[in-house]
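I have placed the structure first, in the form of structure tokens, so that the comments after it can refer back to it.
Chain letters run A, B, ... following the sequence lines, proteins first, then strands; residues in each count from 1.
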Protein chains: 2
Amino acid sequence: MAKPRTTPQVIRSTAEFAAHVGLSRSTVSRALNGHPGLKQKTIDRVQAALDATGFRPNAHAVNLRGRRAAMVGVCMEDFRNPTAVAKVSLLQQRLREQGLTTLIEVLAPGSSRQTLGHLLSLRVGAVVFIGHFDPSELAAQIDELTRHSTPHLVIDDPGPGGANSVSLDRVRAMELVIEHLVAQGHRSFGLLGISGAFQTVTDRLTGVDRALRAAGLDPAVAAVSLDSLHVRRDHFEYGSLLARSFLAQRRRPTAYLAVNDDTAVGALLEFQAAGLRVPEDLSLFGFNNQNLCLMTRPKLSSVDQNIEDTIDVSVKTLLAKIGSVVTRRITTHRVAPHLVLRGTTGPAPGNAGR
Amino acid sequence: MAKPRTTPQVIRSTAEFAAHVGLSRSTVSRALNGHPGLKQKTIDRVQAALDATGFRPNAHAVNLRGRRAAMVGVCMEDFRNPTAVAKVSLLQQRLREQGLTTLIEVLAPGSSRQTLGHLLSLRVGAVVFIGHFDPSELAAQIDELTRHSTPHLVIDDPGPGGANSVSLDRVRAMELVIEHLVAQGHRSFGLLGISGAFQTVTDRLTGVDRALRAAGLDPAVAAVSLDSLHVRRDHFEYGSLLARSFLAQRRRPTAYLAVNDDTAVGALLEFQAAGLRVPEDLSLFGFNNQNLCLMTRPKLSSVDQNIEDTIDVSVKTLLAKIGSVVTRRITTHRVAPHLVLRGTTGPAPGNAGR
DNA sequence: GGCAAAAAACGACACGTGTCGTTTTTGGTT
DNA sequence: AACCAAAAACGACACGTGTCGTTTTTTGCC
């Protein structure tokens, strides 16, 4: 009874769809792509049929015709890092608002080349790296991307250089932490898990150094790290082990700075199990401000990463790079951190500074 | 000096690649796809050039030619649920071993149709749902997938029926928990956050009921829920609120079963803050067996989801469905849970059972 | 009813790949 | 040198889309 004479169960192409609507393929095409010179009634008819059938043009054919896909590849180190997951989650949401699809991949150390090749074969518009990667391997990936004139962006681990990056200003973050604790009377600081070659770590050490010097303290004396005594496997467990080692020391720092919240919580429980009171006997600072911070007693003070700003800047940068021609110009952005003071930080005990 | 006379900076097609190697396009193509009748030396030459240039055939062109893409779409409710993230992480890993790409998307309640359309436009080979979804909306999605003869799989929330599913046997899980606690002398149980319309919840209530009856107890008396007293926002906070409400009761259960670990930890801290000793005064069971369980004192007993089995079965099911023609046959799998006993569970206090 | 303008249809091409049948070249053997 | 089979090259088609110039149909107006 209705117009369409051929009504295939599944519509596979614009040709079939056009036949179903009773229009020509070109008319449907320009209706779908918003070209001018169409009667409003026709546009409505196409739209109605679109809603009714749920037809969507084959993305592969669309992307094959265009030079570049409306996709952004995201390489992650892991799904176990809650902060990285939060970032990719927000990033996907924001990119989708811009009409961009996000293709999330875990970049395994061995098969990173293969994974990147996969993204390149899909002709993604850009590739984003989130997390920690082997510096030389990352540099190779970025080099390959550049050779394929595909823009890239590294979030949080800029690496040795030559990469576009957006990252938290970790130097400033540690300066803020130290400044705050010094103002509270602390003069000796234990570092929990802040060691290694990643720039996310070396930046923090730089910040600690600067702030200590600015306060007239000698970093070699005022900052203590026992990281080398243990092998890092699980963050939480590592925090416990380090705390135990500090407990065995004769003279102990009055404040502790952890590489992340898990490590801080591990240390906190160990200190408390030894009968120490927090924050009366010692102060403790986490990093990342995860939900976990609310689940300890007292609640954990931490550094907030300001993920919203990080992602907003990242998206803006990406859009600019995708839109324009590829330039050799390297862009770098720093996002300001802020401290979240909770129950694990307080004045230094007595005059026990040093 | 070398053979290739034309060496474009970027190789964009097999034609350019073939010219670069000094072979014809068809020869290169059959070398790439492992066709017989080629000299080993030629194959090696192609492979070497492949490694050297990093060229990968345009995936869109490949997928355009084939009927179906070697991609699997994964719809998630959220990235904030650690268990769901763990599942998608393992799923992606396993699917990649099978040569399948995973496209992860968050299915926002409003724009779920649009997101699914996006996956369909990419002609994915299958769509997996992980998490909790609105039943009617999920049913509509599955219906649309079936109309497009695209296989689907729902992990963990089978919904009202008519969907292929792989999920933890939550009925059995709660039976195991109750059986264990009854054997320890517990006769009255508090339910923390186990309420709502999702099947992942109703299944658990069924399990509680069955096990209680089997133990000769009346579920209406032995199982107490105060969920309706509070609005659920954050799991941890909800656990705290519920514990406070139980503390205000005259007669209290001796054992508590939480909907997840976060809720359990919230309750644990509240009970302890009130001076109750765990497990001497009360027992507490979490659900999911996350890392968080190790971060409390005492450590939290919990139900392990057996994610490896879940994903293994899921991958097997998916491969079968992708390979064969679409059938109307619905498949359902249940994965066995197991209990992880830690410090928050013990014998019921005195004879205070009832 | 006629006429011009607007709307729609038509037809063809390009995007990059896999495949297949046919033709040409290569390389080894008699 | 001749021959023959293996190896490579050649040419063409299909996949589904966007676009564009051209032709046909519809619409609106006098």
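- Of the listed nucleotides (D:dT17, C:dT17, D:dA8), D:dA8 has the atom at the smallest distance from the side chain of B:L38.
- Among the heavy atoms of the strands, none lies under 4.0 Å from B:H60.
- Atom pair B:F17:CZ and C:dG18:C1' shows a separation of 16 Å (rounding to whole Å applied).
- Out of D:dG18, C:dA8, C:dT19, the shortest distance to the side chain of A:R25 is found at D:dG18.
- Looking at B:E105 and A:R96, a side-chain N of the basic residue comes within less than 4.0 Å of a carboxylate O on the acidic one, giving a salt bridge.
- Taking the six-membered ring where tryptophan is involved, the planes of B:F133 and B:F129 are perpendicular, since the angle between them exceeds 60° and thus also 30°.
- Nucleotides of DNA chain D nearest to B:L23 and A:N58 differ in position, and the one nearer the 5' end is that of B:L23.
- Summarising the geometry, the separation between NE2 on A:H35 and P on D:dG21 is reported as 13 Å, rounded to the nearest angstrom.
- Here the P atom of nucleotide C:dC15 and the CZ atom of B:R12 are 12 Å apart, to the nearest Å.
- At a cut-off of 3.5 angstrom, counting only N and O atoms as typed in the model, there is no donor on one side facing an acceptor on the other between the side-chain of A:R123 and the base of C:dG16.
- Here A:S26 lies in heavy-atom contact (under 4.0 Å) with a base.
- A salt bridge is absent between B:R113 and B:E137; no separation between the charged side-chain nitrogens and carboxylate oxygens falls under 4.0 Å.
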